Amino acid sequence: MAYAGTTWAATADLTKLVLSKNELTLEIGDTAKVTATGVYSDNSTADLTVKASWSSSNNVVATIYNGTVTAKSEGTTTVTAVFGDVSESVSVTVTKKVKALTKDVQSLDLKLGDKPQIKLTATYTDNNTEEVSGKADWSTDNASVATVVNGTVTPVGPGTATLTAVYGKQTVTIPVSVEVVKRLDADPAQVSMLLSEKTPVQVTLKATYPDGTTKDNVAADAEWTSSNEGVADVIKGQITPYGPGTATITAKYGTKTATIQVDVDKTIRLKADKQDIFLHAGDSTTQPIKVEAVYPDKDPVDITGDAVWSSSDEKVAYVNKGVITAIAPGAVIITAKYGDKSVAINVDVDVPRHLDLVEKVALSLTGEKTKQLDLIATYANGETEKVQSKAVWKSSNEDVVFVSGGNLTAFKKGESKVSATYGGVTVTTSVAVDMPLSISLPVKKLSLKVDATYQASIVLDYGADRPAETISSKDKVEWSTNKKEIADIDENGLITGVATGTATITAKYEGKSYTMTVEVGLVSDLKASDTIVIMSAGDKKQLTLTAKDATGTVVDVTKEASWKSSSSTVAGVDNNGLVSGLKSGKANITAEYGGQKVTIPVEVDVISAIEASETAVSLKTVGKAKDKTATVKLEVTFSDGSTKDVTSKAEWKTGNYKVASVNDGVITAAAYGKTTVTAKYGNKTVRIPVEVDTLKYLQTDKVSVTLNVGDKLTLAATATYMDGTDVDVSKPALWKSSKILTATVKDGQITANGKGKATITVSFGGKSTKVVVTVQ
């Protein structure tokens with residue numbers, strides 16, 4: 001059957017109706033839209049909502065028009081859509097209109113195993129209520145924490161979630177916390193373990209909840225992890241060591257975590273029983289090394305077999321579990337590593353610590369033309385060996401000398417350097433053929449007095465097999481001087497001191513020049529009697545100067561020296577070395593003689609510290625004489641640690657003469673107040689705080705009096721000082737009356753003048769008190 005306006009083919013038949021709702025729940029007065037879609041035999045569809053015939057099985061509960069359902073009263077009904085021969089129904093439930101939905105808990109704090117029931121109460125528009133926990137739609141936003149069915153909550157895992165209940169058009173939410181822990185404590189929190197013991201350590205966990213309750217051991221229920229499973233791993237709180245090092249074990253329970261620091265074989269250091277080893281290459285024997293781990297609170301443990309061993313050069317020496325095998329000459333470092341510690345062992349394989357070779361060799365083409373040299377190696381263990389046959393030899397001039405296996409052969413006159421290398425060490429010697437091994441002036445520096453002489457000569461050294469030759473005659477040596485006015489020399493090498501100074505003597509032999517220095521009339525080792533002078537202005541100090549002459553004799557040259565001061569205003573010095581202190585400061589005294597100079601630092605009133613005998617002074621203007629003054633001593637410390645009383649020499653000042661005066665350290669009270677006395681000496685100053693008439697309080701013997709007109713009464717004022725002493729200050733105190741027509745006062749004597757009341761005020765030392773006077 002087909003109808004005008006439809007989009008399906010004329011031959012297609014309607015096979016079924018599909019409604020947008022299977023069931024419907026409404027509150028009284030609510031409406032809901034249900035659509036009807038027709039499905040045809042050719043799989044085409046059409047919206048038939050308006051074209052279908054709609055009916056309700058109970059119009060008292062709900063009516064329907066063109067797919068719109070209107071809820072009328074509480075109950076159930078069925079609405080049906082009919083199109084042609086095809087129909088489809090929707091079950092409709094109408095409830096009272098819910099105006100409020102309440103819960104019996106605001107939040108839940110649960111532990112695993114709890115299973116609380118949430119009670120929901122619906123309040124309808126007619127003000128009737130109903131428990132609807134089983135009717136509401138429940139949901140959770142985190143099913144891994146908690147689930148809910150008909151208001152029954154089941155904790156699943158630690159964390160937080162929000163439960164939602166919907167009934168009618170009202171919604172409520174309940175926050176849920178599962179195993180929310182306030183703190184998690186591990187015991188122990190730090191673990192030290194030894195691999196050799198292989199003993200696991202059990203950690204206990206204590207959970208404390210926000211409400212103050214605790215759960216003593218939750219280790220079995222916690223989630224455990226290790227930061228380094230190769231060092232230590234953990235299962236249900238039981239820690240097992242697997243390798244040296246450190247690891248952090250973490251336990252998670254509820255919303256908290258706790259960490260345990262684990263040290264496995266945490267050593268202070270590694271100790272090898274041998275630190276330096278010498279081996280010969282090719283030896284059939286090997287060298288074992290024992291390495292121990294040293295702990296802070298345990299006996300050392302042999303870890304030789306457990307350490308990781310390595311060689312810096314396996315071509316020289318190889319190591320396996322502490323056993324070293326020498327391979328070839330050389331030096332290596334063998335390292336044993338265990339955990340984060342390591343120890344190094346130095347190994348020498350045929351490496352000499354020292355090679356000995358004769359220093360110089362003289363050969364002659366007409367005499368000893370060959371010579372065998374011995375090369376002696378000294379090893380680290382003290383052992384020595386002749387190794388000339390093992391060494392590599394080299395001659396710098398093979399036309400003059402050839403060398404093989406330490407054997408020298410001379411070919412012609414000349415010089416050569418012969419070297420031998422063994423075990424990485426090289427030594428060199430000089431070889432001369434028909435020539436001296438060395439040519440020199442035996443004296444490089446000469447001291448002469450004026451008019452004294454010295455015979456110079458050149459020495460030809462031929463080595464141990466031939467005596468040295470001394471020459472000076474003009475036919476072999478050419479002599480000269482650069483300063484004849486200081487040191488002259490004749491053609492045969494005789495030197496004569498002429499005048500004070502320094503000259504250079506040159507000897508020329510076979511085209512080469514050799515020089516020596518000659519000092520004439522000069523001295524050495526010039527010394528002053530004092531290395532530093534500490535003095536005050538007005539003081540004097542005699543310095544003494546000594547020197548060694550050319551013969552080494554110590555002589556006094558004080559009066560012959562030249563004296564000078566770097567600051568003549570601070571310290572002066574005369575021609576005989578007498579130093580005078582003039583004013584505060586520093587200066588250098590310089591003495592020169594015979595080409596030498598010495599400097600003596602001088603400090604005049606330069607002090608490192610100044611100290612007063614009193615750090616603070618408290619005085620009185622009344623009472624005993626000793627209370628009115630204070631004597632302060634001033635002492636200074638000089639840079640050499642010496643001290644001096646400078647009380648009378650210091651410059652004394654007072655900050656306020658109206659309060660206190662000062663003279664040569666004697667401070668005298670003048671009037672009430674505070675001031676500072678300053679003492680200055682040299683470059684230092686010290687300050688002494690001064691208080692005059694500092695009181696605790698002031699009081700009178702009466703606080704109120706009653707007089708008749710014409711009466712007289714004397715009051716006493718007593719001052720109590722900070723040191724606790726009491727002094728009568730009636731006369732020095734200041735007395736005032738608030739009403740002189742009623743009463744006047746002088747030095748504490750009150751005179752009643754007329755009826756009324758007056759206040760007498762007495763003041764002293766910054767304090768005051770009052771007396772009330774009534775005249776009747």
Side-chain angles (χ1 to χ4, degrees), residues 354-369 371 373-374 394-397 399-401 403 408 410-420 426-449 452-484 486-498 501-525 548-552 595:
H354 182 67
L355 284 181
D356 287 317
L357 184 67
V358 62
E359 288 187 7
K360 297 176 182 178
V361 179
L363 297 176
S364 173
L365 294 172
T366 58
E368 186 181 17
K369 192 174 181 180
K371 186 176 181 66
L373 300 182
D374 289 335
K394 185 177 180 182
S395 172
S396 65
N397 193 344
D399 291 341
V400 175
V401 176
V403 60
L408 303 175
F411 287 106
K412 70 176 183 179
K413 181 180 179 181
E415 294 176 307
S416 178
K417 296 290 185 184
V418 172
S419 64
T426 300
V427 290
T428 303
T429 188
S430 298
V431 179
V433 179
D434 287 333
M435 292 183 65
L437 293 173
S438 65
I439 302 172
S440 64
L441 288 167
V443 177
K444 291 295 184 181
K445 188 175 183 179
L446 175 68
S447 293
L448 283 178
K449 291 184 177 180
T453 60
Y454 173 81
Q455 178 61 56
S457 62
I458 282 183
V459 177
L460 308 180
D461 182 9
Y462 291 95
D465 297 329
R466 178 178 170 182
E469 181 181 355
T470 300
I471 56 175
S472 59
S473 60
K474 64 180 180 180
D475 58 334
K476 294 184 178 180
V477 183
E478 180 184 344
W479 299 94
S480 63
T481 176
N482 69 330
K483 291 181 181 179
K484 294 183 67 176
I486 293 175
D488 198 7
I489 188 168
D490 68 11
E491 58 187 4
N492 291 313
L494 183 65
I495 303 172
T496 302
V498 179
T502 302
T504 300
I505 300 298
T506 301
K508 186 176 286 187
Y509 175 73
E510 290 190 352
K512 291 186 178 181
S513 296
Y514 307 90
T515 61
M516 66 184 296
T517 301
V518 179
E519 295 178 347
V520 179
L522 298 181
V523 295
S524 62
D525 200 18
K548 289 182 180 179
D549 62 12
T551 64

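Position 1 is the first residue of the sequence; numbering continues from there. Fair warning: this is a prediction, and the values are worked out from it, not measured in the lab.
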Which residues share a salt bridge (charged side-chain N to carboxylate O under 4.0 Å, His left out) with Asp434, sequence neighbours left out: none
Distance-only side-chain donor-acceptor flag, Lys417 / Ser395, under 3.5 Å: no
Gap between atom OG1 of Thr517 and atom CG of Asn482 - 0.5 Å precision: 9.0 Å
Worked verdict on Tyr454 versus Val443 for side-chain contact (heavy atoms from CB on, under 4.5 Å): CA-CA 11 Å; Tyr454 173 81; Val443 177; 3.1 Å; yes
Pairing residues for Thr481 by the side-chain hydrogen bond (donor to acceptor under 3.5 Å, both in side chains) criterion, not counting sequence neighbours: none
Reported CH2-to-CD1 distance for the pair Trp479 and Ile458, which is rounded to 0.5 angstrom: 5.0 Å
Spacing of CG belonging to Leu355 relative to OG1 belonging to Thr428, to within rounding of 0.5 Å: 10.5 Å
Check: Glu415 side chain, Asn397 main-chain N or O, donor-acceptor pair, under 3.5 Å: no
Could you tabulate the donor-acceptor pairs under 3.5 Å formed by side-chain atoms of residues 501-516, not counting sequence neighbours?
none

Under 3.5 Å donor-acceptor pairs involving side-chain atoms of residues 467-474, not counting sequence neighbours:
from: Ser473; atom 1: OG; to: Asp475; atom 2: OD1; distance (Å): 2.3
from: Lys474; atom 1: NZ; to: Glu491; atom 2: OE2; distance (Å): 3.0

Gln455 and its side chain to side chain contact (heavy atoms under 4.5 Å, CB included) partner, picked from Leu494, Ile495, Asp490: Leu494
From CA spacing to verdict: side-chain contact (heavy atoms from CB on, under 4.5 Å), Ile439, Val459: CA-CA 6 Å; Ile439 302 172; Val459 177; over 6 Å; no
Any residue meeting side-chain hydrogen bond (donor to acceptor under 3.5 Å, both in side chains) with Lys445, in chain and number order, not counting sequence neighbours: Glu519
side-chain hydrogen bond (donor to acceptor under 3.5 Å, both in side chains) partners of Asp356, counting only residues at least two apart: His354
Val520 and Val498, any side-chain heavy atoms less than 4.5 Å apart: no
Interatomic spacing from CG in Leu363 to CG in Leu437 - rounded to 0.5 Å: 9.0 Å
Lys444 to Leu441 - nearest heavy-atom pair and separation: CE-O, 4.1 Å
Nearest-0.5 Å distance that lies between atom CG in Leu357 and atom CG in Leu373: 5.5 Å
